[in-house]
Amino acid sequence: MIEQLGQNVIKTIGNTGRFSRFAWAAHGTMARTLFKPKTYPRILTQMYAIGVLSVPVVMATGAFVGMILALQSYDQLAHMGLEERMGVLINKAVIRELGPVLAAIMLAGRVGGALTAELGTMNVTEQISAVESMGTDPIRYLVAPRVLACLLLTPLLIIYADLVGILGGFVVSVFQLKINAGAYWSYSASGVEMWDITTGILKGFFFGGAIATISCYKGFNCREGAQGVGEACTEAFVGSFMMILVLNYIFTVVFDAIYKSFWTVKPLL
Amino acid sequence: MTRKSVQSDDGILVTRHLTKRYNGGVVLDNISLAIEEGKTTVIIGPSGCGKTVFMKHLIALERPTAGKVFFQGKRIDDLDEQQLAKIRTKYGFCFQMSALFDSLTVYENITFPARQHYRITNDKALDEMVKQKLALVGMDGFQNYYPASLSGGQKKRVALARAIALNPEIILYDEPTTGLDPITSDVINELVMKLKEEMQATSVVVTHDMKSAYKVGDRIVMLHNGRIIADGDAEFIRHHPHDVVQQFIHGRVGEAELAALRLGGTRFETQFTPEDFK
Ligand SMILES: Nc1ncnc2c1ncn2[C@@H]1O[C@H](COP(=O)(O)OP(=O)(O)OP(=O)(O)O)[C@@H](O)[C@H]1O
Ligand SMILES: [Mg+2]
């Protein structure tokens with residue numbers, strides 16, 4: 001029992017160490033590839049696969065989040081006769097938390113799964129060893145462009161999700177629940193601050209980086225065979241999902257602390 | 001057989017007391033071998049005896065559990081990836097399972113190492129290079145195919161063309177002729193010899209095919225249970241006194257294996273009929 005526990009602890013520490021080294025190498029090489037025009041075509045290919053093709057699903061996610069928030073909050077607020085203030089609630093929730101988190105989770109499934117499966121298959125068919133054997137660093141060739149594309153595009157996709165979420169909330173509130181459009185917007189505008197938007201988008205960089213790093217790591221370290229690739233995909237998704245939730249919690253705490261300490265200079269933000 | 005201990009500069013590639021274990025199972029057991037420059041060394045041995053694992057140590061794709069690997073007198077098994085990258089451009093490695101990049105065409109596969117290491121401005125010259133290398137393995141005209149639409153033997157030949165794309169000093173072939181027809185096999189044998197003569201390339205060839213081992217090998221090394229049990233030229237191996245060696249080169253089954261087959265008397269124990277499971 002205790003032996004088992006000890007072994008698990010050692011294994012976890014070992015894995016964490018290996019993951020940290022992988023993440024460090026990936027981000028280091030990524031920063032360097034930024035200055036090498038030769039790699040731009042590969043980055044663009046990845047951006048297309050990761051970013052452009054994700055737009056529809058991310059927009060759909062955003063739209064439904066906004067719409068469902070409108071339906072849910074209406075009942076609560078109508079009790080107190082506050083239904084005209086719905087806009088603040090919906091838009092703040094969408095922009096600060098739900099838009100970024102749900103868009104990131106959507107990407108963890110769509111993009112992370114594909115990355116792990118692709119790199120995992122390359123690993124079990126020795127293609128990654130082949131890259132290495134020809135004197136090319138597989139992290140630079142395979143991982144860096146993927147992490148970079150994911151890191152740069154997740155914030156953009158979050159903006160899409162936010163916009164459509166706001167629109168979805170608005171459509172349901174105004175056309176279905178018959179709330180005055182002017183009141184809806186003016187309360188929203190007074191409630192949502194620039195700070196909310198900035199933090200929401202800022203999170204995107206970290207979510208994107210985390211998704212790509214975890215997925216690539218799992219692909220690089222997957223076990224042999226079709227089952228190994230399948231397991232790696234599952235682990236990558238669960239890992240990214242957890243990481244997104246944990247990061248989101250940390251950021252909310254940190255950003256709130258920053259916000260409160262800069263409260264006096266708020267008009268400048 | 002007594003053997004003088006191998007020194008790090010006895011050959012272009014040297015392993016000293018190389019040992020590799022996977023989760024406790026010993027695959028390579030204290031192998032000391034010096035591979036001479038400009039010669040072709042053939043490694044033979046039964047399936048699963050660790051030939052591929054040994055080859056991967058020569059290019060540091062696998063790290064030893066114990067022991068050292070030297071390339072041109074310098075230790076390589078403890079280098080980091082960046083330092084290895086420079087050294088590996090002098091190698092060509094032809095994988096047993098080809099390991100072609102399946103998202104790239106044959107053309108892109110072969111130009112991969114060139115594009116990675118050089119600034120290519122003259123695309124014509126590159127086309128010419130690809131054409132020439134593919135012609136060597138009889139695959140010219142397949143430039144725009146994807147690996148998925150090639151047969152196993154064709155993939156192997158493209159992998160060979162990719163391995164020699166940068167005119168490496170040292171070429172490691174992992175079973176280059178397995179799965180090829182006799183004529184294409186011989187073309188590959190000729191190719192190995194041609195590369196040796198024209199470019200003074202050092203080759204290490206893993207094979208089960210004794211015909212090609214005798215033909216291309218300046219020296220033949222036999223691995224068995226992770227150890228070297230025979231080491232010498234073709235003549236020496238042909239007349240080697242060891243039973244295991246004789247059985248291997250003549251493709252004869254050993255007494256022990258036969259005894260296992262005979263266990264069940266006249267009827268094989270494994271000859272079950274579906275009724276037995278009712
Ligand atoms: N990554 C690994 N993890 C665990 N065991 C391994 C690994 N790679 C190889 N082995 C073991 O090492 C032994 C030797 O494998 P290797 O691939 O070198 O055989 P081989 O001599 O090339 O055989 P073949 O002629 O069939 O290709 C096998 O028993 C295999 O189980
Ligand atoms: Mg092998």
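Reminder, nothing fancy here: chain letters follow the sequence lines and each chain counts from 1. As the structure is a prediction and not an experimental result, all values here were calculated from the model.
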Quiz item: Does B:Arg115 offer a backbone N or O that forms a donor-acceptor pair with the side chain of A:Lys38 under 3.5 Å?
Solution: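 Yes.
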
Practice problem: Verify, without hydrogens or angle tests, whether A:Glu126 (side chain) and B:Phe95 (backbone) share a donor-acceptor contact under 3.5 angstrom. | Solution: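 No, the answer is negative, given that no donor and acceptor are paired below the 3.5 Å cut-off.
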
Exercise. Indicate yes or no: does B:Glu81 engage A:Arg140 in a salt bridge with an N to O separation below 4.0 Å.
Key: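 Judged by the 4.0 Å cut-off on N to carboxylate O distance, B:Glu81 and A:Arg140 do not form a salt bridge.
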
Practice problem: Anything under 30° is parallel, anything over 60° is perpendicular, the rest tilted; go ahead and classify B:Phe101 against A:Tyr141. | Solution: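 Aromatic pair B:Phe101/A:Tyr141 classed tilted.
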
Hey, is [atom1] on [X] packed in by over 12 heavy atoms from elsewhere, all under 6.0 Å?
X	atom1	result
A:Glu3	CD	no
A:Met242	CE	no
A:Tyr48	OH	no
B:Phe70	CZ	yes

Quiz item: If you round to the nearest 0.5 Å, how far is CG of B:Leu84 from CD of A:Glu132?
Solution: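 So the gap between those two atoms works out to 8.5 Å.
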
Quiz prompt | Spacing of B:Leu61 atom CG and A:Ile128 atom CD1 [to the nearest 0.5 Å] | solution =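 It is 12.0 Å, given to the nearest 0.5 Å.
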
Contact summary for [X] and [Y], nearest pair of heavy atoms:
X	Y	value
B:Ile59	A:Ser133	CD1-O, 3.7 Å
B:Ala85	A:Gly135	CB-O, 3.4 Å
B:Ala99	A:Ala130	O-CB, 3.7 Å

Quiz item: chain A heavy atoms under 4.5 Å from B:Leu104: which part of the residue, side chain, backbone, both or neither?
Solution: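 Side chain only.
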
Quiz item: With a 4.5 angstrom heavy-atom cut-off, which part of B:Leu100 approaches chain A: side chain, backbone, both or neither?
Solution: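 Backbone only.
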
With chain A, which of [options] has the greatest number of heavy-atom pairs at distances under 4.5 Å?
options	result
B:Arg162, B:Lys86, B:Lys90	B:Arg162
B:His117, B:Met97, B:Gln96, B:Gln82	B:His117
B:Thr89, B:Ile87, B:Asp102	B:Asp102

